[in-house]
Amino acid sequence: MKTAIIIPARHKSSRFPGKPLAKILGKEMILRVLNICAKVINKKNIYVATDDNRIKRRVLENNFQVIMTPKQCKTGTDRVAIASKKINAKIFVNVQGDEPVINYKDIIKIISAKKKFPKSVICGYTKISKQENPKNLNLPKVVISKSKNLIYMSRLPIPGSKNSKPDSKKTFLKQVCIYAFNKNELNSFLKFGKKTYLEKFEDIEILRFFEIGIPIKMVELKKPSIAVDVKSDLKKVELYLKNGKEN
């Protein structure tokens, strides 16, 4: 099944303007993500979906492909859905351009899960580490069923407890932003035309699939991921790489 990887990248981020071109140890973040993806599939099947000519120019200079998309895309997945219309593939993988230390083996795992569960959107998750705070609103937390289907996702620390002193050993799970879809799923997402109630309330785009009735299969990824949400996160990634943990 032909697979394409699409990386949505916009320059005008509310929390971190210019994020895709921010340098990490001298290399732009978007290029780090592209090079990881190139370990998974041929470069000719990897695309950056952007609305910014500065990003386009830097990506093309490094021999990757670009699809220009409208500035008014509601989410990164809307941008991926628009770009997918120009690509002939069966599986579309959305890899976030702000997770520059994703393990390429995790992307392979997501693709394998999509082949096994073709009627479900696939999304990654992992355990929140001891160094991370479950109350951090930048970390979407997930609750899943025994069959690994998504029950709910929230920026709040879920599942919650009515006890005043909840179990301190409780392990929370967080979303890892690697998704896999087919074209019909992306078309349904885009066709809805607006953010759904929970998607808008939580500011978590994957919830749109949840709300329009498309099942989401969660796949556990072993390697910790570091998302760059704000500028201070760059130092965390650089420290991680300096400690020799690069892919």
Side-chain angles (χ1 to χ4, degrees), residues 2-102 104 106-107 110-111 176-183 185-187 189-191 193 195 203 205-206 208 225-231 233-234 237-238 241 246-247:
K2 184 177 178 181
T3 299
I5 294 176
I6 305 177
I7 303 169
R10 65 188 182 112
H11 196 274
K12 194 176 180 181
S13 169
S14 57
R15 286 180 289 183
F16 188 176
K19 182 164 61 171
L21 297 179
K23 290 189 177 182
I24 299 171
L25 299 182
K27 182 185 292 185
E28 291 88 343
M29 180 158 53
I30 189 68
L31 297 183
R32 287 189 173 275
V33 176
L34 282 164
N35 288 332
I36 292 170
C37 292
K39 296 180 181 181
V40 178
I41 60 175
N42 193 293
K43 289 176 70 170
K44 68 180 182 179
N45 296 318
I46 303 173
Y47 305 81
V48 171
T50 188
D51 59 0
D52 188 89
N53 285 321
R54 289 163 290 187
I55 296 173
K56 175 184 177 180
R57 184 168 56 250
R58 196 71 185 104
V59 170
L60 292 177
E61 287 172 352
N62 284 268
N63 301 313
F64 286 96
Q65 299 184 85
V66 173
I67 295 177
M68 296 303 289
T69 51
K71 288 186 180 296
Q72 63 269 26
C73 288
K74 295 174 181 64
T75 69
T77 303
D78 287 284
R79 199 174 297 283
V80 168
I82 291 171
S84 72
K85 294 180 180 295
K86 299 181 180 181
I87 303 169
N88 180 23
K90 294 291 186 181
I91 295 174
F92 296 88
V93 181
N94 179 344
V95 174
Q96 299 296 290
D98 59 3
E99 297 214 18
V101 294
I102 283 179
Y104 75 94
D106 285 342
I107 303 174
I110 293 292
I111 295 170
V176 177
C177 295
I178 313 174
Y179 316 120
F181 329 93
N182 59 41
K183 189 159 286 190
E185 290 160 349
L186 285 172
N187 286 341
F189 184 94
L190 187 63
K191 187 178 178 181
K195 291 187 177 184
D203 191 22
E205 63 202 69
I206 200 76
R208 193 185 310 177
S225 169
I226 305 175
V228 177
D229 294 302
V230 293
K231 197 168 184 178
D233 290 332
L234 293 174
V237 175
E238 289 184 337
L241 295 175
E246 189 169 7
N247 289 283

Applying side-chain hydrogen bond (donor to acceptor under 3.5 Å, both in side chains), name anything that partners [X], two or more places apart in sequence or on another chain.
X	value
Asn187	Lys85
Asp233	Lys236
Lys43	none
Glu61	Arg58

Find out whether [X] and [Y] are in side-chain contact, i.e. whether some heavy atom of one side chain is under 4.5 Å from a heavy atom of the other.
X	Y	answer
Ile7	Cys37	yes
Leu241	Ile24	yes
Ile30	Thr50	no
Phe64	Asn35	yes
Leu186	Thr77	yes
Val33	Ile102	no
Asn62	Lys27	no

For [X] and [Y], which heavy atoms make the closest approach, and how far apart are they?
X	Y	answer
Pro100	Val228	CD-CG2, 4.0 Å
Ala81	Leu190	CB-CB, 4.0 Å
Ile55	Ala9	CD1-O, 3.9 Å
Thr75	Arg208	CG2-NH2, 3.8 Å

- Does a sphere of radius 6.0 Å around NZ in Lys56 hold more than 12 heavy atoms from other residues, nucleotides or ligands, not counting ones at 6.0 Å or beyond?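 No - once you tally the heavy atoms of other residues, nucleotides and ligands closer than 6.0 Å, there are 12 at most.
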How long is the span from the [atom1] atom in [X] to the [atom2] atom in [Y], to the nearest 0.5 Å?
X	Y	atom1	atom2	value
Thr3	Lys90	OG1	NZ	11.5 Å
Thr69	Lys86	OG1	NZ	8.5 Å
Glu99	Ile226	CD	CD1	9.5 Å
Ile110	Tyr179	CD1	OH	10.5 Å
Lys39	Ile107	NZ	CD1	10.0 Å
Asp52	Met68	CG	CE	7.0 Å

- Message: What verdict does the side-chain contact (heavy atoms from CB on, under 4.5 Å) test give for Arg32 and Leu25, after you've listed the backbone C-alpha separation in whole Å, the side-chain angles of each residue and the deciding distance to 0.1 Å?
- Response: CA-CA 10 Å; Arg32 287 189 173 275; Leu25 299 182; 3.6 Å; yes
Side chain to side chain contact (heavy atoms under 4.5 Å, CB included) partners of [X], counting only residues at least two apart:
X	result
Pro8	Arg79, Val80, Asn94, Gln96
Lys191	none
Ala4	Tyr47, Ile87, Ala89, Phe92
Asn42	Lys44, Asn45

Test of understanding: with salt bridge (Lys or Arg N to Asp or Glu O under 4.0 Å), list the residues that count as partners of [X], not counting sequence neighbours.
X	answer
Lys19	Asp98
Arg57	none
Glu205	none

- Message: Using the rule given for side-chain contact (heavy atoms from CB on, under 4.5 Å), can you reason through Leu34 versus Val59, listing the C-alpha separation, both sets of side-chain angles and the distance that settles it, and then say yes or no?
- Response: CA-CA 9 Å; Leu34 282 164; Val59 170; 4.1 Å; yes
- Message: Keeping Lys71 on the side-chain end and Arg10 on the backbone end, is there a donor-acceptor pair under 3.5 Å?
- Response: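 Side chain of Lys71 to backbone of Arg10, a donor-acceptor pair under 3.5 Å: no, none is there.
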- Please report the C-alpha distance between Ile46 and Ile41 in whole Å, then the side-chain angles of each, then the deciding distance to 0.1 Å, and finally whether the side-chain contact (heavy atoms from CB on, under 4.5 Å) criterion is met. CA-CA 8 Å; Ile46 303 173; Ile41 60 175; 3.8 Å; yes
